Each structure stands twice: as C-alpha cells, then as structure tokens.
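Here's the structure we're looking at; comments come further down.
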Number of protein chains: 2
Amino acid sequence: MKSANNPNLQDIATAAGVSTATVSRVLNSPSDVRPALRERVEEQIRKLGYVRHGAARALASSKSHTVGAVIPTLESAIFATGVNAIENRLVRDHFTLLLAVTNYDLDHEFKQVQALIERGVDGMILVGQDHHPDTIRLLERQRCPFITTWTYSASSKYPCVGFDNFNASRMMAEHMLDLGHTRFAMIAGITAGNDRARERIDGVKNALQLRGLDLAQDRLIEKAYEVREGRDAFRTLMASTPAVRPTAILCGNDVLAVGAILEAQHLGLNVPKDVSIVGFDDLPLAEHLAPGLTTVHVPSRRMGETAAQYILDCIAGTLGESKFELPTKVMIRGSSAKPPAP
Amino acid sequence: MKSANNPNLQDIATAAGVSTATVSRVLNSPSDVRPALRERVEEQIRKLGYVRHGAARALASSKSHTVGAVIPTLESAIFATGVNAIENRLVRDHFTLLLAVTNYDLDHEFKQVQALIERGVDGMILVGQDHHPDTIRLLERQRCPFITTWTYSASSKYPCVGFDNFNASRMMAEHMLDLGHTRFAMIAGITAGNDRARERIDGVKNALQLRGLDLAQDRLIEKAYEVREGRDAFRTLMASTPAVRPTAILCGNDVLAVGAILEAQHLGLNVPKDVSIVGFDDLPLAEHLAPGLTTVHVPSRRMGETAAQYILDCIAGTLGESKFELPTKVMIRGSSAKPPAP
DNA sequence: TTGTATGCGTTATCAT
DNA sequence: ATGATAACGCATACAA
C-alpha cells in the first residue's frame with residue numbers, strides 16, 4: 001500500500017540522507033539550505049518524481065495557495081473574461097483558482113461560498129453587492145479576505161473593485177437625451193438577485209426624470225441574457241404606430257442590444273435612422289457591427305486583475321487600498337443618432 | 001490562538017458530549033448514528049457554526065471532492081460554456097471545480113496539470129489530444145482519472161468525449177462543393193498547440209482533394225480568435241479581381257466567420273450572393289445574424305456534462321464507457337449558397 | 001545550516 | 001451504536 005503510492009517528504013529525505021525538515025526547506029525556502037545539500041535533495045525529488053501534497057501542506061500551514069471566485073455564470077462573456085483575468089493573475093503567484101457559479105441565485109451563492117471555504121480558499125472574489133447576509137457573515141467569521149466586483153460605491157461596506165453602474169447608465173441616457181430623444185424604452189437584464197441590472201435601470205429612470213420624462217411600465221422589459229430575448233423585446237416595443245413608438249432603445253447589456261439591432265434589420269428598420277439602439281458592456285463584437293453599437297465600455301479584464309491582486313495582497317499581508325473605482329466610458333458609435341424628424 | 005479560531009470536530013464533540021468519531025459520523029454517514037445523538041450533535045454544529053476542514057479531510061481520506069479542468073482560454077465562448085456545464089454537473093455531487101488556463105501553451109499546460117494534482121484533485125478534464133508527454137505520464141503515474149474533450153477518435157489512447165473535427169470540417173467543405181463552389185479559401189484558427197484547428201484544416205483539404213481541388217498557400221490564413229482578425233483575413237482574401245477570388249470562405253470558427261461576414265458588409269459585398277461564408281461552432285449569435293451563419297453545431301454543453309459525469313463515475317468506481325462520440329451537425333443557413341454565375 | 005519532534009483536523013480501524 | 005486512537009504528509013518551533 002505504501003510502496004505502490006507516491007513518494008512523500010520522508011522518502012525523499014531518506015533517499016537523500018537528510019531530514020524531512022531539510023527537504024521541506026529546499027522546497028519552500030531553498031536559500032536556507034547549503035547548495036551542496038540542496039542539489040542532492042533536488043536530484044532525489046526529480047528522480048523519485050515527488051509531487052507536493054497540498055492537503056498536508058494546507059493542514060500544517062493553514063494556507064492553501066488557493067483563491068475562490070463565485071460568479072453568476074460563465075455564459076456571459078464579460079464574466080468569462082473577468083475570470084480569465086483572475087486566473088492569469090493568480091497563476092503568476094502560483095495560486096490556483098476554485099470556480100463556483102451561482103446562476104444568479106443568492107441562496108445558492110451562499111452554499112457555493114461555504115463549499116469554497118470548506119475547501120480552504122485563502123481569499124474570495126464575489127460579484128456585486130447583493131448577497132445573502134449569511135454569506136458575508138461566514139466570510140467575516142472565517143476571516144476570509146474577500147472583494148466584490150462589478151460595482152463600486154464609495155459607501156460600500158466591503159472592499160470592492162468596479163464602477164458605478166447607476167452613473168454609467170445615467171450618462172448613457174443623458175447622451176440620448178442630448179441627441180433630442182424624448183420617447184424612450186429599455187430592454188433590461190433580469191433584476192432578480194442582480195444589483196447591476198437594477199442600478200442600470202435606475203440610472204436611466206433618474207436621467208429621464210431630471211428632464212421631466214419617465215419610463216412607462218410597458219416601455220421597460222426585463223429579458224434574459226440572450227440574443228433571442230433582445231429580438232423579442234425589440235419587436236414588442238416596435239409594435240405600436242411609428243408616431244408614438246420609442247425612438248431610443250436603451251439595453252441593459254450588449255447581448256440584448258445585438259438582438260435588438262438584428263431584429264431591426266429583420267424588420268427592415270434602419271438603425272439609427274428609424275430608431276437608435278444602445279447597449280452596455282462593450283463586447284468585442286460591438287465595434288465591428290454595422291452600424292457600430294453605441295455602448296458603455298466595462299473594464300472586465302482590469303476588474304479581474306485588480307480583484308486578484310487585492311486578494312493576493314491581503315494574503316501577503318501587504319494591504320493598501322480596498323476600494324477601486326475603475327473608469328467606464330460611453331463609446332459612441334453608429335447605432336445612435338438624433339431621433340427621426342416627426 | 002485556539003479560542004479565536006473556528007471550532008473543530010473536537011469542539012463539537014465536547015459540546016455535545018460525544019466522541020469525535022461520532023461527530024464525524026453524523027457528518028458523513030448520519031444513518032449510522034442514533035437519531036437522538038445525531039440531533040444533539042447537529043445542534044452543536046449549527047450553534048458553534050462549524051465548517052468542515054477540507055484539507056484535513058483530504059489528508060485523512062485521500063479524497064478532495066475536487067475536479068480540475070484545464071482549458072486553453074475562457075475568452076472563447078465555447079470553452080466558457082463547456083466549463084459552465086462542468087461546474088453545474090459537479091456541484092450536483094458536491095464537488096468543486098479547480099480551473100486552470102493554458103493559453104494554448106502545452107508546456108504551461110503541464111505546469112497547470114501539476115499544480116492541480118498538487119492541490120489533490122480527484123480527477124481532471126483536458127481539452128484536445130495534443131499534450132506534453134509529461135502531462136499524460138504524470139496523470140497516469142498519479143492514477144488521476146482524466147478525460148480529454150473536444151475531440152473524438154475511436155483510436156484514441158485516452159478516455160475522450162467529443163466529435164471528429166476532421167470529419168465535421170470535411171462535411172462542411174463537401175456541402176460547399178455540392179453547391180458548386182470551386183474557388184475556396186479558409187480562415188483557420190491558430191494551429192500551434194491546437195489539434196482541433198489542425199484537423200479542421202485537414203478536413204477541408206481532404207474534401208477538396210477528393211474533387212481534384214486544392215487549397216493554395218495564399219488561400220489559407222491562420223488567425224487568432226477575434227472578430228477583427230476575421231475581418232482582416234477576409235479583406236486580404238477579397239483583394240484579387242472578382243474573376244479569380246474565392247467564392248467560398250470556410251472559417252475555422254464562428255468568431256472568424258462573423259468577422260468575415262461583417263467585413264463583407266463593410267465592403268458592400270452581398271453574402272451569399274457575391275461570396276459564401278461558413279463557420280464552425282454554432283455560437284448563439286450565428287442563427288440570428290442576417291444572413292444566418294451556416295456553421296457546424298458543436299455540443300459544448302453536452303461535452304462538459306459528459307466529461308464531468310465520466311470523471312464522477314471514475315471517482316465513484318462505477319466505470320462504464322470511456323469514449324463518447326457526440327453528434328455534430330452542419331447548420332445550413334443564409335450565409336452559404338451557390339457561387340455567383342461567372 | 002541542519003535535525004528532532006510536535007501538531008494540524010480528519011477518517012478509519014479496531015474495540016467495546 | 002459508540003469510543004479510543006493511530007495514521008495521513010507536511011510545516012515549524014526549537015534544539016543543536
């Protein structure tokens with residue numbers, strides 16, 4: 001049973017004629033051991049094909065060299081990009097990523113966070129500020145460093161890296177108001193358990209209110225993150241007579257916006273002549289569409305990098321800032337223009 | 001130092017007036033312990049906020065309840081979807097996913113696999129059949145169950161779930177040949193460290209050869225997985241006079257194909273009247289484009305599910321098949337048609 | 001610089 | 001059904 005298994009520290013120690021402590025040192029602080037010995041040990045490590053036993057290391061040192069990320073879904077390109085960035089940053093420091101998905105369910109998020117904590121992650125990255133109270137309680141009780149992403153507010157109680165969804169969305173709406181639009185509609189993402197989607201809606205409503213306009217109930221449609229859904233919503237919104245239907249369609253994300261643009265094409269409507277359509281996220285595709293999609297650029301990659309960096313800093317004990325506001329920008333492209341003359 | 005920390009089995013045992021063994025049992029095989037006792041223990045578990053210590057569990061049981069996935073990148077929607085499916089399947093069995101990214105570098109892949117093994121994963125999911133020999137050697141030496149995805153071949157030496165890229169690509173090319181095309185070009189994905197991209201090229205070449213055609217050197221362009229790259233390649237291919245330029249553009253993936261279609265639009269070319277464009281992957285976007293993108297449907301989700309299921313079966317010791325060929329299908333849509341009359 | 005010895009929190013074996 | 005206890009493989013405080 002033992003001989004069949006993989007070598008452990010003891011085996012290496014014996015083979016090299018040293019103590020386990022020495023082997024441990026050449027593995028973890030090589031400079032502490034005399035070159036001659038070190039080489040002898042390293043040779044045995046190679047020869048016997050030794051691989052570290054993470055569980056034992058974690059148990060003895062209470063460090064797993066592992067970070068958890070809990071995101072709504074990977075089906076969303078922005079989260080996929082963010083996670084990719086997190087992984088790339090972590091691997092540079094020889095940390096490994098544990099990934100869990102919530103499907104926008106805050107109860108499930110709690111379970112996932114608990115599962116990752118049980119796996120011993122040294123830190124955790126979450127999305128948004130909307131969480132089950134137990135989630136935060138658990139994290140704090142376990143003294144597990146964590147940071148929230150994709151949202152930023154100066155008054156946040158937790159470390160966070162992101163941007164102000166409300167404000168960015170408001171600016172997008174203002175851009176459309178400045179172009180002269182007065183009849184607005186919004187195709188928003190699903191708001192349940194999603195503070196980003198909610199804030200984007202609120203931003204639009206706020207901008208309209210300040211100009212004495214509002215978003216009628218039937219001009220706000222919540223749709224799942226799919227091109228098909230964007231198309232359906234757009235068709236619904238365009239069903240009324242040209243004299244009263246919206247001239248500006250604000251979408252909660254680019255996938256819905258792409259759906260809207262494509263449906264416009266299918267309906268024979270000209271964008272932006274007949275109707276302006278804008279999105280949010282700035283997917284790689286956005287700039288290449290014809291017309292180009294006016295949207296809000298979201299720094300997914302930098303958010304991932306920054307979040308990972310912050311957690312690594314926490315773990316290393318080199319703590320600095322704990323709130324990072326990243327810049328967003330309204331990318332003005334061909335899909336938005338002045339409303340058609342009445 | 002101890003009091004500040006979280007409770008462990010011993011603490012629960014003491015509080016409930018039982019032994020650690022009993023607590024362990026109510027956690028792992030509740031039916032083995034009398035209901036009265038069980039409840040007393042469970043109450044303390046709740047009250048003290050006990051959370052299991054994964055490292056200690058893994059050390060004692062040599063099971064981490066963890067599976068690793070090593071993929072080229074998450075920036076590719078198909079891999080993101082696949083990983084999402086893997087996670088969804090794993091979580092149902094209370095397994096956690098360790099995710100590592102290779103950036104299409106087989107040396108880096110080896111390091112990532114080693115890192116995951118050191119973290120004690122109970123199984124591993126890889127992409128493609130192209131691997132550093134050490135990668136496979138390590139996996140086998142550690143008796144770590146693994147499966148390769150995204151490719152299938154009956155003669156594969158390893159467990160695999162996927163489809164025959166060569167064949168699917170060949171069928172796509174044959175469809176275009178059947179439509180009457182004779183002047184072909186291909187915008188392929190980068191082939192370095194990517195057997196899928198290579199097989200897709202070979203499939204096209206093979207189909208052409210069988211009809212006495214070939215793919216001239218300057219009609220095969222390798223491009224990175226980006227819309228921009230697809231656009232550039234398409235422009236290059238269309239640079240010759242209409243009389244000799246290709247009438248059928250075969251793309252190694254949908255992202256490149258979307259780039260090609262959009263560039264055609266920008267150039268004022270009609271797809272498919274002036275030129276046919278086809279892709280590979282069947283991204284959600286493909287069917288919604290105007291014209292719809294003719295492409296090969298790839299079952300990313302089912303691949304992820306199947307791979308995860310296979311690994312879970314290995315771990316549970318309930319072994320069945322180890323090779324899974326999944327169906328692909330040529331999705332014929334508006335972007336492909338007969339070549340223009342000469 | 002190197003070795004010795006202890007403990008990390010579980011699981012699992014063996015008694016009872 | 002329950003308890004006592006020996007591993008599990010390593011890091012680390014301490015001794016030399």
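Keep in mind that this is a model prediction, so the values were computed, not measured. Each chain gets a letter, A, B and so on, in the order the sequences are listed, and its residues count up from 1.
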Write down the atom of [X], the atom of [Y], and the distance for their closest heavy-atom approach.
X: A/Leu98; Y: A/Leu116; answer: CB-CD2, 3.8 Å
X: A/Ser64; Y: A/Gly120; answer: OG-O, 2.7 Å
X: A/Val33; Y: A/Arg38; answer: O-NH2, 3.4 Å
X: A/Pro299; Y: A/Leu326; answer: CG-CB, 3.8 Å
X: A/Glu325; Y: A/Tyr152; answer: OE1-CE2, 3.4 Å

query: Does B/Arg302 CZ have over 12 foreign heavy atoms under 6.0 Å away?
result: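 Not buried by this count: 12 neighbours or fewer within 6.0 Å.
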query: Tell me: CD1 of B/Ile12 to P of C/dT11, nearest whole Å?
result: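 Going from B/Ile12 (CD1) to C/dT11 (P), I get 13 Å.
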- prompt: Could you give the CG-to-P distance, from A/Leu59 to D/dA7, as a whole number of Å?
  reply: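 From A/Leu59 CG to D/dA7 P: 17 Å.
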- prompt: Could you run down nucleotides 10-16 of chain D 5' to 3' and tag each one B, S or - for protein heavy-atom contact under 4.0 Å?
  reply: BSBB---
- prompt: With a 4.0 Å cut-off, would you call A/Arg137 and A/Asp134 a salt bridge?
  reply: yes
message: Below the 4.0 Å mark, does D/dT2 have OP1 or OP2 next to a side-chain nitrogen or oxygen of B/Thr22?
response: no
task: Please say which of A/Leu74, A/Ile86, A/Thr81 ends up in a side-chain contact (heavy atoms from CB on, under 4.5 Å) with B/Leu74.
output: A/Leu74
task: For the helix from C/dT1-D/dA16 to C/dT16-D/dA1, measure the angle between the helix axis at one end and the axis at the other, each built from five pairs, rounding to 10°.
output: 30°
